[in-house]
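Notes follow once the structure below has been shown.
We use all heavy atoms of the structure for the numbers below, so side chains are in, but hydrogens, waters and symmetry mates are not. From a predicted model like this one, the values you see are computed outputs, not experimental measurements. Numbered from 1 within each chain, the chains take letters A, B, ... in sequence-line order.
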Amino acid sequence: MKRPIFIISSLLFIIVVLSVARVALVNSISTTGIELANLETEMKAQKKQNELLKEQYLQASSFTNIEAKAKELGFVEAKTQVYLSEPLPLALKQ
Amino acid sequence: MVRFRLILFIFVFLFFLIVLRLFYWQVVRAGELASLGQAQYGRQITLTADRGEIKTSDGFEIAANKLSYLIFANPKEVKDKERLVDVLAPILAVDTASISALLALDRFWVPIQTHVEDDVKNKIEELNLPGIGFQEQSIRFYPEASMSAHLLGFVGKDNKALDRGYFGLEGYYETQLKGKAGVAIVIHDASDRPILAKMNDNAMRADGKNLVLHVDRTIQFILDRELKRGVEQYGAVGGMAAVMDPKTGGILAMSSFPTFDPRHYGEYSDDLYKNPFIANTYEPGSTFKPLVMASALDAGLIKPDTKCDICAGPVSIGEYDIRTWDNKYTADETMTQVIQHSDNTGMVFTGRKLGLDRMLSYFKKFGIGETSGIDLQGEALASLRERDQWYPIDAATATFGQGITVTPIELLTAFSAIANEGQRMEPHVVRMIQTADGKEIQIPPKVLSKPISSKTAKVMTEMMVNAVDKGEAKWAKPKGYRIAGKTGTAQIPVEGHYDANKTIASFVGFAPADDPKFLMLVIIDRPTTSIYGAETAAPIFFKVAKNILNYYGIAPTE
């Protein structure tokens, strides 16, 4: 008498637990779509910002731009270079 | 008891039936139901592949991608078309008629303008104009403007209006650069929000591979600047030059003028697109002499102090007379002096020692009459005439680089043998290919041939150093450096005869002579201030060479 009751009760308990678990799972997934959309939007915005900054960086560091800026600041081409080939009259700490 | 067991059995049996049915719908028919679901709620999106970037040796992106927008309109949603046209036309700098014509079409979607910059797009977006939308696009972007335009090529459209590279690196490496677009299906709910569900595998999408070049941005900048100045200063039609690392064949810089802006290639004539350094053929003139001299030295037929016994005056061959460029003759001139004075009669002497067959054999070893194999689209082939078409006068004039045509890259590659201990290297612009997932594929240097021994290369180098130190261009040479070089002044053939006033002036050389770090060829097309290579191409060569030596921190040795 006890055993059948035990088996039936166990089955009922499992059914109830699984039902509750399903409801909880569906509930949690239902809002992830919104989160996914938000993440996608943010990722797109960051990617766009990244590309714009990269474009600015490349423009700013191009030699064409640097030469123009250097001329504006009054820099001129170096006409001579000096190479130190004779040993210096100094004792260098090794 | 029996009844309880019966009831239990019924429950278990029903449970089993349900499980079986679930198995049928969720496993056996799963694929079919998923497809049905996707068809109902899924949306197919094309994942465009990013085009690979092109970087110089320091990692700077000389050809990159930049964000832009396609502005489109839905004419059926636009109520006040006139107002929209009046607002958009000044912002987009487009005439009102073209926008009006597009809005008059009976369509749901019309493109108004492509490749619109981000700030312009934001300005229009703020106006909240009904019926106007934006689609992201990627366009090619060249931060250094027209620097090395011929080397890069440009990205245009193919017959399906898709991006495609033309000329230069964009053309040659089109397959690696373009990547592969993918397709994905995203499931959306009734409110158009994405559902975290299984998506189609989008692993088919593959971004283009990046190219890392041998090109040194500093050397490229110097070469562009000095060549442009030189072409203007000497009143030339144009000019071209390239710098190579003779030990690896790596192209450190390549430049041509006139040039074009790859961002606005459509505004230039088609003729400007091809790279003259690889696509044009010309008669090299005296810059060819070291190759012939090195061949005779290598064959053991002459030595640097061998005396020329026909150099006392012009040399007659049939009805022709071979003369020196300045009509000055020195009896018993040594081979070293022949190169120093750029003596055509001395070269005829050398050619006779070699004989035509041996000379042609050495030409083949030096790669004359073959393409160099450089990794750029558009290389021309300057074929040599067949053996039975060589007459004595042709054999004679070929020794001083007339009556024979080469491409500049062919000549530069041949000289790499003299600068690199006898080994001729395959020229290469790309050093390494980077895949989207970070793998690096190195392109190793390749030896094409060994036309001369390293001993011959050393001897020829010394003769060329002597030519620079004591020849016509010595006034332009930077002090304190041992530079090997040779001037060239080739007359241009016009309608069967040579025009005495129109020349291709050139200079080829490498430095430092004892351990060459770079090899360079400069060609000036039809200079007007002077026709001679010693007075036009040579000064440009030495200016660039001095800048490169300083850039490399190589101190003078003399």
At a 4.5 Å cut-off on heavy atoms, which part of [X] comes close to chain A: side chain, backbone, both, or neither?
X: B:Arg5; result: neither
X: B:Glu136; result: side chain
X: B:Thr218; result: both
X: B:Asn550; result: both
X: B:Ala64; result: side chain

Exercise for the section: Considering only heavy atoms and a distance below 4.5 Å, find which of B:Phe141, B:Phe15, B:Phe11 pairs most often with chain A. Expected result: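 When all of B:Phe141, B:Phe15, B:Phe11 are compared, B:Phe141 has the most.
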
Handout entry: Top of B:Lys546, B:Glu61, B:Met147 for chain A proximity - count of heavy-atom pairs under 4.5 angstrom
Key =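 Most heavy-atom pairs under 4.5 Å with chain A: B:Glu61.
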
Handout entry: Any B:Phe60 side-chain heavy atom under 4.5 Å of A:Ser62 side chain
Key =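 When only atoms from C-beta onward are counted, A:Ser62 and B:Phe60 do touch, with a gap below 4.5 Å.
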
Problem - Sub-4.5 Å side-chain heavy-atom contact between A:Lys48 and B:Leu67 - result: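 Side-chain contact under 4.5 Å: yes.
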
Handout entry: Other residues, nucleotides, ligands: >12 heavy atoms within 6.0 Å of B:Phe23 CZ
Key =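 No, CZ of B:Phe23 has 12 or fewer neighbouring heavy atoms, counting only those of other groups under 6.0 Å.
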
Practice task
Check the surroundings of atom OH in B:Tyr551: do more than 12 heavy atoms from other residues, nucleotides or ligands lie under 6.0 Å from it?
Solution key: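 Yes, enclosed.
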
Problem - Top of A:Glu55, A:Glu51, A:Lys47 for chain B proximity - count of heavy-atom pairs under 4.5 angstrom - result: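 Going by pairs under 4.5 Å, I would pick A:Glu55.
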
Problem - Ion pair check, B:Glu53 and A:Lys54, cut-off under 4.0 Å - result: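 A:Lys54 and B:Glu53: salt-bridged.
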
Problem - B:Arg229 bridged to A:Glu77 by N-O distance under 4.0 Å - result: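 Judged by the 4.0 Å cut-off on N to carboxylate O distance, B:Arg229 and A:Glu77 do form a salt bridge.
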
Roughly how far, to the nearest 0.5 Å, is the [atom2] atom of [Y] from the [atom1] atom of [X]?
X: B:Glu117; Y: A:Leu52; atom1: CD; atom2: CG; result: 9.5 Å
X: B:Phe4; Y: A:Ile8; atom1: CZ; atom2: CD1; result: 7.5 Å
X: A:Phe63; Y: B:Thr56; atom1: CZ; atom2: OG1; result: 8.0 Å

Exercise for the section: Select one option (side chain, backbone, both, neither) describing which atoms of A:Glu67 are under 4.5 Å from chain B's heavy atoms. Expected result: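 Interface part for A:Glu67: side chain.
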
Practice task
Any chance you could lay out the side-chain contact (heavy atoms from CB on, under 4.5 Å) test for B:Lys66 and A:Gln59, step after step, and finish with the verdict?
Solution key: CA-CA 11 Å; B:Lys66 130 173 146 163; A:Gln59 286 277 35; 5.7 Å; no

